[in-house]
Amino acid sequence: MSVRTSILSLSIVALCALQGAAQAQSFSYDMRAYMAPLQDAERALAQVPVSACARPRTAQARAAIDEAGGRLQKLGAERAFAGDTEGAIAAFDLLQDTPVRLSAGDEAQLARLADAQAEDAIQAIVAAARDKRVVLLNEAHHVPMHRAFAQRLAAELRKIGFTHLAAETFNDGAPGDARPLMPNGQTVAGTGTYTKDAVFAGFVNAALADGWKLVAYEPDFDAIADPEPLQQVRKREQGQARNLVERIFSKDKEARVFIHAGYAHVYKSQPGDGIVWMAEYLERATKLELLSIDQTSFYAHPDRAAEAPLYAELSDRFRHQRAPFILRAADGSRPVLNGLACRVDLQVIYPRYAMQNGRVEWLRTLAGRSARPIPAALLPKEGRRIVKAFRADAVPDAVPLDVILVEAGRPAPSLMLPDGEFRYAVEDEAK
């Protein structure tokens with residue numbers, strides 16, 4: 001089974017800054033396999049000249065990276081699906097020319113934050129959401145940590161009366177049915193696209209068990225196809241907002257909705273914007289006050305040289321924070337940085353997470369998982385192997401609850417799993 005998704009062929013910096021033209025590019029994801037798609041993506045990357053990865057970049061190197069942009073995005077997604085969370089970030093980092101020092105604007109922002117304090121992000125968002133009917137949270141599609149945070153946030157929003165979870169990644173369960181396919185309350189290959197990620201699957205499984213009504217809202221890509229990239233973006237944003245109105249707000253006047261989306265879809269507009277994003281169309285259609293949250297700007301990268309200098313300063317200043325946080329200024333306001341003021345209301349900043357048992361610490365602190373050793377019989381004697389862990393009662397086509405890449409001769413990482421009993425499967429590297 002393969003699913004097509006549309007990804008904007010922009011660098012992440014350009015996307016978040018709303019600069020440049022968006023070119024829609026379709027990728028086909030094999031929803032049942034992990035190793036073969038990873039190898040295919042690795043082979044595609046091998047075609048990129050090594051010199052193109054060096055910094056600072058020449059114009060020729062920049063052109064080579066731009067040409068390889070789709071392949072790098074595909075590699076990042078496949079690494080994330082295979083449990084290589086750090087490698088996924090590294091692949092996307094190649095798309096960017098990260099500034100090597102603080103800009104004058106960064107310096108000015110830091111000066112205004114001299115008396116700012118860190119506030120627990122979940123608590124701050126829940127407090128701000130108590131009188132709202134709509135909360136929007138974005139993600140970077142190659143960063144499963146963002147889904148672990150979304151899972152934690154969803155659990156708390158449910159407690160204060162939120163009812164519907166709408167996710168960009170969901171597929172319609174059937175023609176005309178906005179409920180994603182979830183047999184026996186389990187995420188399967190047909191549930192969505194990025195739900196192939198084990199962390200995302202855990203988030204959705206937990207949401208359904210917690211009583212959320214799940215809703216798909218992504219428009220059909222064939223219906224919005226347009227040779228002009230910006231027109232296609234406009235049709236997609238309008239289609240997302242229209243589906244949300246028709247599938248939720250027109251049917252339930254009391255609905256309280258948690259909307260999960262990628263990148264800029266959660267942005268509100270400013271005068272002079274060249275692009276109006278889904279959140280703005282939705283606010284206009286519903287006349288509701290939306291609470292929009294960015295979590296894609298400030299998190300650690302495996303290569304610190306690839307981090308934005310502003311994140312390096314903030315993570316050092318608030319290095320004692322062990323959970324995601326939001327800044328609170330001395331006057332009680334919550335500053336939004338990185339050029340996103342007025343586009344979003346709150347901004348999540350992540351601490352630096354350590355590695356434990358070969359896995360990133362947030363799998364325990366955010367996703368609520370515990371380390372378990374990989375059964376010795378599953379470890380490869382040569383080459384690489386994908387190890388997958390499923391619930392003991394997993395339905396056919398269920399998404400694994402953990403996926404990890406293991407290599408012979410190297411220390412084996414732990415599986416990171418919720419409570420329960422599990423069965424295992426493996427996929428071996430093709431020679």
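The first residue in the sequence is number 1, and the count goes up from there. Hydrogens, waters and symmetry mates play no part in the numbers below; they use all other heavy atoms, side chains included.
Ring geometry, Y267 versus W277: the interplanar angle exceeds 60°, so the pair is classed perpendicular (tilted spans 30 to 60°).
Summarising the geometry, atom CG belonging to L165 is positioned 9.5 Å from atom CG belonging to L208; distances are rounded to the nearest 0.5 Å. Distance check, rounded to the nearest 0.5 Å: CD1 of I293 to CD1 of I125 gives 4.0 Å. The line from OG1 of T85 to CG of L363 is 6.5 Å long, rounded to the nearest 0.5 Å. One distance of note links OG of S269 with CZ of R343; it measures 7.0 Å at 0.5 Å rounding. In this structure, E237 CD and Q232 CD are separated by 11.0 Å, a value rounded to the nearest 0.5 Å. Atom CG of L310 sits about 5.5 Å away from atom CD of Q109, to the nearest 0.5 Å.
For E168 and R236, the salt-bridge test passes: some basic side-chain N is under 4.0 Å from an acidic carboxylate O. A salt bridge does not link D210 to R158: none of the charged side-chain nitrogens sits closer than 4.0 Å to a carboxylate oxygen. Using a cutoff of 4.0 Å between basic side-chain nitrogens and carboxylate oxygens, K388 and E427 are scored as salt-bridged. Electrostatic pairing of D345 and K132 does not count as a salt bridge here, judged by no charged N lying under 4.0 Å from a carboxylate O. Taking a cutoff of 4.0 Å between a charged side-chain nitrogen and a carboxylate oxygen, E156 and R152 do not qualify as a salt bridge.
Remark: R284 engages E280 in a salt bridge (Lys or Arg N to Asp or Glu O under 4.0 Å) (not counting sequence neighbours). Every side chain to side chain contact (heavy atoms under 4.5 Å, CB included) that E67 has, sequence neighbours left out, goes to R71. Contacts of K196 classified as side-chain hydrogen bond (donor to acceptor under 3.5 Å, both in side chains), with partners at least two apart in sequence or in another chain: none. Residues satisfying the side-chain hydrogen bond (donor to acceptor under 3.5 Å, both in side chains) criterion with Q117, sequence neighbours excluded, are absent altogether. Qualifying ring-ring contact (aromatic ring centres under 6.0 Å, His included) partners for F325, counting only residues two or more places apart in sequence or in other chains: F318. Looking at residues two or more places apart in sequence or on another chain, you find a side chain to side chain contact (heavy atoms under 4.5 Å, CB included) between A394 and Q186, F390, R391, A398, R423. Residues that satisfy the side chain to side chain contact (heavy atoms under 4.5 Å, CB included) test with E119, not counting sequence neighbours, are A124, R328, R334. Among residues two or more places apart in sequence or in another chain, the ring-ring contact (aromatic ring centres under 6.0 Å, His included) test is passed with H301 by Y299. For the side chain to side chain contact (heavy atoms under 4.5 Å, CB included) test, residues two or more places apart in sequence or in another chain that qualify with Q39 are M35, E42, R43, R384, E429, A430.
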For this session: List the steps, then state whether side chain to side chain contact (heavy atoms under 4.5 Å, CB included) holds for I404 with L415.
Result: CA-CA 7 Å; I404 190 64; L415 290 163; 3.8 Å; yes
Problem set entry | Verdict with reasoning, E313 to R317, per salt bridge (charged side-chain N to carboxylate O under 4.0 Å, His left out) | CA-CA 6 Å; E313 292 287 332; R317 181 182 296 186; 5.8 Å; no
For this session: Determine, stepwise, if the pair H164 / R256 fulfils side chain to side chain contact (heavy atoms under 4.5 Å, CB included).
Result: CA-CA 6 Å; H164 294 69; R256 300 184 72 190; over 6 Å; no
Exercise. Do E307 and R352 pass the salt bridge (charged side-chain N to carboxylate O under 4.0 Å, His left out) test, and can you show the C-alpha distance, the side-chain angles, and the key distance before you say yes or no?
Worked result: CA-CA 12 Å; E307 295 173 353; R352 296 189 186 277; 2.7 Å; yes
Problem set entry | V276 vs Y281, side chain to side chain contact (heavy atoms under 4.5 Å, CB included): CA-CA, chis, key distance, verdict | CA-CA 7 Å; V276 177; Y281 284 121; 3.7 Å; yes
For this session: Start with the C-alpha distance between L137 and I259, add both sets of side-chain angles, then the distance that settles side chain to side chain contact (heavy atoms under 4.5 Å, CB included), and finish with yes or no.
Result: CA-CA 6 Å; L137 176 72; I259 301 172; over 6 Å; no
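Taking 4.5 Å as the limit, some side-chain heavy atom of L379 sits within range of a side-chain heavy atom of I374. No side-chain heavy atom of I386 sits less than 4.5 Å from a side-chain heavy atom of V406. By the 4.5 Å heavy-atom criterion applied to side chains, V188 and V399 are not counted as neighbours. Between L282 and L288 the shortest side-chain heavy-atom distance does not fall below 4.5 Å. Here the side chains of L340 and S297 are in contact, with some heavy-atom distance below 4.5 Å. Residues I122 and F149 are in side-chain contact: their nearest non-hydrogen atoms beyond the backbone lie under 4.5 Å apart. Residues P302 and I89 are in side-chain contact: their nearest non-hydrogen atoms beyond the backbone lie under 4.5 Å apart. Side-chain contact check for V134 versus T286: every heavy-atom pair is 4.5 Å or farther apart.
Taking the ring centroids of Y350 and H146, they lie under the 6.0 Å cut-off.
In terms of heavy-atom proximity, Y217 sits nearest to A261 at OH-CB, 3.3 Å. Considering every non-hydrogen atom in both F258 and A154, the closest pair reads CE2-CB, 3.8 Å. Nearest heavy atom pair, residue S292 against residue V266, reads OG-O, 2.5 Å. Listed here is the closest heavy atom pair of V204 and F170: CG2-CE2, 3.9 Å. Here the closest heavy-atom approach between residue P400 and residue A201 is recorded as O-CB, 4.3 Å. Of all non-hydrogen atoms in A140 and T296, the two that sit nearest each other are N-CG2, 3.4 Å.
Between the T169 side chain and the Y194 main chain, a donor and an acceptor come within less than 3.5 Å of each other. The closest donor-acceptor contact from the side chain of N205 to the backbone of T187 lies under 3.5 Å. Of the possible donor and acceptor atoms, none in the side chain of S333 sits under 3.5 Å from a partner among the backbone N and O of A329.
Under 3.5 Å, the side chains of Q295 and E139 contain no donor-acceptor pair of N or O atoms. Using modelled atom types, one finds a donor on one side chain and an acceptor on the other under 3.5 Å when comparing R234 with Q238.
For residues 80-90, no pair satisfies salt bridge (charged side-chain N to carboxylate O under 4.0 Å, His left out), with sequence neighbours left out. Screening residues 35-87 for ring pair (Phe, Tyr, Trp, His ring centres under 6.0 Å), with sequence neighbours left out, gives Y29-F81. The salt bridge (charged side-chain N to carboxylate O under 4.0 Å, His left out) pairs that include a residue from residues 364-374 are E361-R364, where partners are two or more places apart or lie in different chains.
Within a 6.0 Å sphere centred on CD of E289, other residues, nucleotides and ligands contribute 12 heavy atoms or fewer. Other residues, nucleotides and ligands contribute only 12 or fewer heavy atoms inside 6.0 Å of the CG atom of D419.
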